[in-house]
**Q** 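My questions will all concern the structure given below.
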There are 2 protein chains.
Amino acid sequence: MDQLEIFKALSNKTRLQILQWLKEPEKNFPEQKCFEAGVCVGQIQQKAGLTQSTVSEYLSLMQRTGLVTATRVGQWTYYKRNEEAFAALSKLIESEI
Amino acid sequence: MDQLEIFKALSNKTRLQILQWLKEPEKNFPEQKCFEAGVCVGQIQQKAGLTQSTVSEYLSLMQRTGLVTATRVGQWTYYKRNEEAFAALSKLIESEI
DNA sequence: AAGATATATCGACTTTTCCCGATATGCCAA
DNA sequence: TTGGCATATCGGGAAAAGTCGATATATCTT
């Protein structure tokens, strides 16, 4: 758990927004049907209004820090929040930072 | 409480370090005598090993975001952690982000 | 095997952040 | 009121992050 990298990942409006959206996938991505593994890049990109490459980079950055998990299913990659990471971060701030 | 600005403030190694030091002023700044109001800029600057201007900027940045408070006493400015801000941030991460 | 689609990576450009030296401001003591 | 500290602010050069378009890779369909 690299504090500094996590805070950097959270230091961007769009990335914070994406994390919010991923709290309620059904509500925020009504076009997608199944949410078992998360939401796919294309859906997120569309909503974010940035290019595909940018959003893809953002997601893989957040995955490297552990804030989200990625699951490849066929040609799609589904991303979802890693709630354990948020719980751990919350505790870290409470006690160690 | 501006999430984004707080995360930006926490996205720097030196600033994180300073916040750590300020958790235990007596231990980390043994040269200073009274800690009622916090630790003065000069002490922090010396320990950080960056220039006076840089450290001063870092501290006032963290003050603007609410992570620390500043108290001017004579020619010194004492900074200390604002524990409430950390508690609030911890809760925010737990429930809203 | 070829074309279509979803995602990832690369190279480049712009904007922001980092960090410095120089200078200004505020406060104290003589 | 002048000189000396402590801190703050300003201007700038270097490094990092943001963002794009182009291209590569992976997978599915036919």
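Letters A, B, ... mirror the listed sequences (proteins, then strands); counts begin at 1.
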**Q** Of all of residues 41-48 of chain B, which get a heavy atom below 4.0 angstrom from DNA chain D, listed by number?
**A** B:Val41, B:Gly42
**Q** Who passes side-chain hydrogen bond (donor to acceptor under 3.5 Å, both in side chains) against A:Thr77, sequence neighbours left out?
**A** none
**Q** Starting at CD of B:Glu57 and ending at C1' of D:dG12, how long is that distance when rounded to a whole Å?
**A** 12 Å
**Q** Residues in side-chain contact (heavy atoms from CB on, under 4.5 Å) with B:Ala87, at least two apart?
**A** none
**Q** Using a heavy-atom cut-off of 4.0 Å to chain A, what are the terminal contacting nucleotides of DNA chain C, in 5' to 3' order?
**A** C:dT5 to C:dC10
**Q** Taking side-chain contact (heavy atoms from CB on, under 4.5 Å) as the definition, give me every residue that meets it alongside A:Lys91, ordered by chain and number, with sequence neighbours left out.
**A** none
**Q** Are A:Val55 and A:Trp76 co-members of a hydrophobic cluster defined by side-chain heavy atoms under 4.5 Å apart?
**A** no
**Q** For D:dT7, does either OP1 or OP2 sit under 4.0 Å from a side-chain N or O belonging to B:Ser53?
**A** no
**Q** Is B:Tyr58 reachable from B:Leu10 through a run of hydrophobic residues whose side-chain heavy atoms are each under 4.5 Å from the next?
**A** yes
**Q** Verify the contact: side-chain N or O of A:Thr54 to OP1 or OP2 of D:dC20, cut-off strictly under 4.0 Å; return yes or no.
**A** yes
**Q** Just the table, please: protein N/O against nucleotides 15-17 of chain D N/O, every pair under 3.5 Å.
**A**
from, atom 1, to, atom 2, distance (Å)
D:dA17, OP1, A:Lys8, NZ, 3.3

**Q** Under 4.0 Å, counting only non-hydrogen atoms across every strand here, what does A:Tyr78 touch: a base, just sugar-phosphate, or nothing?
**A** nothing
**Q** What residues form a side-chain hydrogen bond (donor to acceptor under 3.5 Å, both in side chains) with B:Thr69, not counting sequence neighbours?
**A** none
**Q** Which residues pass the salt bridge (charged side-chain N to carboxylate O under 4.0 Å, His left out) test with A:Glu24, not counting sequence neighbours?
**A** A:Lys27
**Q** When you measure from every atom of DNA chain C, which of residues 60-76 of chain A have a heavy atom less than 4.0 Å away?
**A** A:Gln75, A:Trp76
**Q** For residues B:Ser53 and B:Ser56, is any side-chain donor paired with an opposing acceptor at under 3.5 Å?
**A** no
**Q** Is it true that atom CD of A:Glu31 has more than 12 heavy atoms of other residues, nucleotides or ligands lying nearer than 6.0 Å?
**A** no
**Q** What residues, two or more places apart in sequence or in another chain, satisfy side-chain contact (heavy atoms from CB on, under 4.5 Å) together with B:Trp21?
**A** B:Gln17, B:Ile18, B:Asn28, B:Phe29, B:Lys47, B:Ala48
**Q** When all nucleic acid strands are considered with a 4.0 Å heavy-atom cut-off, which category describes B:Tyr58: base, sugar-phosphate, or nothing?
**A** sugar-phosphate
**Q** Is there any salt bridge (charged side-chain N to carboxylate O under 4.0 Å, His left out) pair reaching into residues 65-89 of chain A, and which pairs are they, with sequence neighbours excluded?
**A** A:Arg81-A:Glu83
**Q** Check for me, please, whether A:Ile6 and B:Leu16 land in the same ILVMFWY cluster - side-chain distances under 4.5 Å, paths through other members count.
**A** yes
**Q** Please list, chain by chain and in numerical order, all residues satisfying side-chain contact (heavy atoms from CB on, under 4.5 Å) with A:Lys8, sequence neighbours excluded.
**A** A:Leu4, A:Glu5, B:Ser11
**Q** Mapping B:Leu59 and A:Gln52 onto DNA chain D by nearest heavy atom, which one lands closer to the 5' end?
**A** B:Leu59
